[in-house]
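Input: a single structure, listed below in structure tokens.
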Amino acid sequence: DECLEHLDFEYDDDDQLLPPVDSAMVGRAAWYTPFDVLGTADTRVFGKTKNPSDSRRTVLLQYGDSLDAENDDKLNDDDPIFRPLYYAFTGLKNAKRFRISLVDQASAKRAESARRSRSFVVDHHTSDTHNKPPSAVIGDALQAATISDDLLDRPF
């Protein structure tokens with residue numbers, strides 16, 4: 001195309017055309033099968049020698065820890081922070097149960113937070129559900145869904 005004439009294209013070792021890009025859209029496959037698409041992206045796409053995470057357990061622990069490290073004020077709405085995990089077990093045993101458990105755990109935390117903000121002036125009540133860090137919400141959802149250690153530790 002004439003509109004692409006100003007771009008310099010390169011070829012990889014297999015003579016595949018590589019366009020000059022700074023970023024790319026991954027698409028729905030990454031949303032619905034995140035570990036299939038992104039679990040090995042560092043080695044397959046970026047040429048790294050090793051992926052930073054080798055199992056779902058590692059990814060979930062790292063994700064939970066990074067959320068825990070955030071300031072609580074940034075986590076007002078739990079849905080967006082847990083949404084990337086909804087399809088973590090697509091095609092595997094208890095995948096739907098995990099997604100439902102995660103939504104239930106996050107909803108309970110959100111409901112308690114709303115209840116607490118309405119009653120704070122009256123009774124200063126603090127609940128374990130409201131104070132539960134995101135990593136604990138993820139852990140509770142895994143436990144409720146009975147996700148096996150085999151699935152959690154299976155390499156990508």
Side-chain angles (χ1 to χ4, degrees), residues 12 18-156:
D12 66 9
L18 300 174
V21 295
D22 294 324
S23 62
M25 184 176 151
V26 177
R28 289 188 181 123
W31 177 256
Y32 291 111
T33 57
F35 293 103
D36 294 345
V37 175
L38 302 174
T40 58
D42 288 276
T43 55
R44 293 176 62 198
V45 176
F46 299 108
K48 304 282 184 179
T49 56
K50 186 175 189 252
N51 289 303
S53 302
D54 57 356
S55 68
R56 285 170 175 79
R57 182 187 307 272
T58 305
V59 170
L60 293 171
L61 288 171
Q62 290 171 344
Y63 189 67
D65 288 347
S66 70
L67 292 175
D68 291 352
E70 290 290 324
N71 184 333
D72 241 2
D73 293 339
K74 294 180 184 176
L75 303 177
N76 290 334
D77 187 2
D78 291 329
D79 184 55
I81 66 172
F82 294 117
R83 190 173 289 162
L85 304 180
Y86 286 177
Y87 299 100
F89 298 96
T90 297
L92 301 174
K93 184 177 180 183
N94 295 330
K96 185 176 181 180
R97 186 182 289 175
F98 172 74
R99 190 170 60 251
I100 291 168
S101 297
L102 187 60
V103 169
D104 289 347
Q105 295 291 327
S107 296
K109 183 177 192 251
R110 190 170 37 256
E112 176 61 25
S113 178
R115 190 210 62 76
R116 182 176 176 260
S117 66
R118 285 191 306 272
S119 66
F120 184 76
V121 175
V122 177
D123 64 4
H124 299 285
H125 176 76
T126 302
S127 168
D128 289 339
T129 305
H130 171 70
N131 292 327
K132 188 185 296 186
S135 62
V137 171
I138 295 167
D140 289 351
L142 287 169
Q143 186 174 10
T146 61
I147 299 295
S148 70
D149 286 338
D150 176 57
L151 287 181
L152 281 170
D153 296 326
R154 185 180 299 165
F156 300 128

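Only this structure's heavy atoms are used, side chains among them; waters, hydrogens and symmetry mates stay out.
Leu102 CG to Ile100 CD1: the interatomic distance, rounded to the nearest 0.5 Å, is 11.0 Å. Rounded to the nearest 0.5 Å, atoms CD1 (Ile81) and CG (Leu67) are 5.0 Å apart. A distance of 9.5 Å separates CD1 of Ile147 from CZ of Arg56, quoted to the nearest 0.5 Å.
Looking only at distances, no side-chain donor or acceptor of Asp42 sits under 3.5 Å from a matching main-chain atom of Lys48.
Of all the heavy atoms in Arg57 and Asp153, the pair that sits closest is NE-OD1, 2.5 Å. For the residue pair Arg83 and Trp31, the shortest heavy atom distance occurs at CG-CH2, 2.9 Å. The two residues Ser101 and Ala141 have their closest heavy-atom pair at CB-O, 3.6 Å. Here the closest non-hydrogen pair linking Tyr63 and Pro84 is OH-CG, 3.6 Å.
Around atom CD of Gln143, no more than 12 heavy atoms belonging to other residues, nucleotides or ligands sit under 6.0 Å away. The number of heavy-atom neighbours closer than 6.0 Å to CZ of Arg44, taken from other residues, nucleotides and ligands shown, is 12 or below.
Donor-acceptor pairing under 3.5 Å is lacking for the side chains of Thr40 and Asn51. A side-chain donor from one of Ser55 and Thr58 sits under 3.5 Å from a side-chain acceptor of the other.
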Walk me through whether Thr33 and Tyr87 qualify under side chain to side chain contact (heavy atoms under 4.5 Å, CB included). CA-CA 6 Å; Thr33 57; Tyr87 299 100; over 6 Å; no
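Contact annotation: the side chain of Ser148 never approaches that of Lys93 to less than 4.5 Å [non-hydrogen atoms, C-beta and beyond]. You'll find the side chain of Pro134 reaches within 4.5 Å of the side chain of Asp68, heavy atoms only. Counting heavy atoms from C-beta outward, Ile138 and Phe82 have side chains that approach closer than 4.5 Å. Phe35 places none of its side-chain heavy atoms less than 4.5 Å from the side chain of Thr90.
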